[in-house]
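The first residue of the sequence shown is numbered 1, and numbering continues consecutively from there. Because the structure is a prediction, the values reported are computed rather than measured.
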Amino acid sequence: MLFRTLLTRRWVVLTLVFFAIIPAMILLGRWQYHRYEQTNQQNAVTATAMQAPPVAIDTVSRPGGTVPTADTYRPVTATGHYDPSREFVIRHRTAADGGTIGYYVITPLVTDSGELVLVNRGWIASGQDATVYPAVPPAPSGELTATGRLRPDETFKSTNIAEHGGLPDRMFMRIDSSAQAARLKQPVVAGYLELVSTSPTPPAADEAEHVPAPNVTSTSDQAVVGQGVHLPYAIQWWLFAALIPIGWVVLLRRDIRDARAKLATDEAAAAGPAPDGTAPDTAPVPVAEPDPTPRQVF
């Protein structure tokens, strides 16, 4: 009966499917574990960069270059004056609450060397009409020093945001120094400065909502993926792989039990009714007990 159950077409297919899934789940678990290790390394690099002392942005980045991974989120400074006439906004960005959609305000800062530094002055709310350039806080005038975190240029790979044409004037989807250098016809330092403070300090009314610093221990932060995300996924995949053989045994035992019950029913039906038309009496024949009354012999 066991071999007959195992050799049915359904069980052959089910067994092949079950045991083909196990390697896939093990590989998925390994991939999640590698992401967990990679995230830990990334968080460690970011934490080290954030604790470094501020340096001038032109010492770690230059026009046409790239922001080194080790310097991402490092405190940097840029001294010069803002050029509000070249200001632009980045669409579809969330506020610090993580849910309200608005814009990032990007104002180029002209350094003494004539290069431009893209400064993300922060977040503002969307207006009623997304086709109209929003009202932005005025950029501080005069010579100033902006201090913030150094961020690399945004790409489709790093943000999963596609840049596309047809947007209103001075509206973009990504912060990209090379694209802005081509538009502004002037050298732009690679990456951008995510503003933390300005010296001299401008009035509070003239400031956008600053972008919060990444939390390298958070499991929900989008800038740095939390290290608590991938390890549970890895364990989950491995548990699924371990449960498949258990599920296979449980289903097999159930099918064997059902097959035995069906066989017993079929055998009973095959025996047929008794000659008198009644169902065969399968009850045991009682054995006569001896008569305890003594008999006289003549």
Side-chain angles (χ1 to χ4, degrees), residues 42-62 65-84 86-90 93-98 100 102-113 115-125 136-154 158-159 174-177 180 188-218 220-226:
Q42 178 183 344
N43 288 351
V45 170
T46 300
T48 300
M50 291 175 63
Q51 295 169 3
V55 296
I57 192 171
D58 57 8
T59 64
V60 291
S61 185
R62 60 179 178 80
T66 57
V67 174
T69 301
D71 290 320
T72 300
Y73 288 105
R74 177 170 186 165
V76 292
T77 61
T79 301
H81 65 275
Y82 282 126
D83 185 353
R86 301 181 177 185
E87 190 172 71
F88 58 94
V89 296
I90 303 297
R93 298 306 169 105
T94 55
D97 62 13
T100 308
Y103 302 95
Y104 280 165
V105 180
I106 313 298
T107 309
L109 185 146
V110 184
T111 65
D112 295 337
S113 63
E115 298 175 344
L116 299 181
V117 175
L118 301 181
V119 179
N120 181 356
R121 294 202 291 129
W123 180 89
I124 60 171
V136 302
S141 60
E143 190 82 359
L144 56 84
T145 297
T147 301
R149 295 175 289 270
L150 178 60
R151 300 293 307 277
D153 288 322
E154 295 181 339
S158 65
T159 64
R174 298 195 304 250
I175 310 175
D176 185 346
S177 63
Q180 294 303 320
V188 179
V189 175
Y192 63 97
L193 187 153
E194 196 171 74
L195 189 64
V196 173
S197 64
T198 305
S199 179
T201 303
D206 291 347
E207 289 197 289
E209 179 185 285
H210 288 176
V211 179
N215 185 346
V216 294
T217 63
S218 171
S220 60
D221 194 278
Q222 295 181 358
V224 180
V225 180

Using distance only, find each side-chain donor-acceptor pair of residues 195-204 under 3.5 Å and give its atom names and separation, not counting sequence neighbours.
| unit_1 | atom_1 | unit_2 | atom_2 | d |
| --- | --- | --- | --- | --- |
| T201 | OG1 | T198 | O | 3.4 |

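Checked by atom type and distance alone, the side chain of D176 never pairs as donor or acceptor with a backbone atom of D153 at under 3.5 Å. In this structure, the side chain of R121 engages the main chain of P137 through a donor-acceptor pair within 3.5 Å. A distance-only check finds no donor-acceptor pair linking the side chain of D58 to the backbone of S61 [under 3.5 Å].
Minimum interatomic distance between V89 and Y103 (heavy atoms only, all atoms of both residues): CG2-CD2, 3.8 Å. Taking every heavy atom of both residues into account, A146 and L193 meet most closely at O-CD1, 3.7 Å. Scanning all heavy atoms of the two residues, the minimum distance from P75 to A49 falls at CD-O, 3.3 Å. The two atoms that bring P152 and Y192 nearest to each other are O-CE2, 3.4 Å, heavy atoms only. Summarising the geometry of S177 relative to V189, their closest heavy-atom pair is CB-O, 3.5 Å, with the distance given to 0.1 Å. Residue A190 comes nearest to G65 through the heavy atom pair CB-O, 3.2 Å, listed as atom of the first residue, atom of the second, then distance.
A distance of 10.5 Å separates OH of Y73 from CG of L150, quoted to the nearest 0.5 Å. With values rounded to the nearest 0.5 angstrom, H81 atom NE2 is found 9.0 Å from D112 atom CG. Going from atom CZ of R151 over to atom CD of E194 covers 5.0 Å, rounded to the nearest 0.5 Å. Atom CD of E209 is separated from atom CG of D97 by 7.0 Å, given to the nearest 0.5 angstrom.
Sorted by first and then second residue, the salt bridge (charged side-chain N to carboxylate O under 4.0 Å, His left out) pairs with a member in residues 65-76 read D71-R74; sequence neighbours excluded.
The closest side-chain heavy-atom distance from D83 to L116 is not below 4.5 Å. Annotation: side chain of P140 is in contact with side chain of Y82 (closest heavy-atom distance under 4.5 Å). Side-chain contact between L118 and V188 is present, with at least one heavy-atom pair separated by less than 4.5 Å. Using a 4.5 Å cut-off on side-chain heavy atoms (C-beta onward), F88 and V105 make no contact. Using a 4.5 Å heavy-atom cutoff, the side chains of I175 and N120 are in contact. Side-chain atoms of I57 and T77, non-hydrogen and from C-beta on, never get closer than 4.5 Å to each other.
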Exercise. For T111 and V117, what are the C-alpha separation, side-chain angles and deciding distance, and is it a side-chain contact (heavy atoms from CB on, under 4.5 Å)?
Worked result: CA-CA 7 Å; T111 65; V117 175; 3.8 Å; yes
For this session: Mind running side-chain contact (heavy atoms from CB on, under 4.5 Å) on T46 and T72 for me, showing each step along the way?
Result: CA-CA 7 Å; T46 300; T72 300; 5.8 Å; no
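For E154, the salt bridge (charged side-chain N to carboxylate O under 4.0 Å, His left out) partners two or more places apart in sequence, or in a different chain, are R93.
Looking at V119, I106, V136 one by one, the single match for side-chain contact (heavy atoms from CB on, under 4.5 Å) with E87 turns out to be V136.
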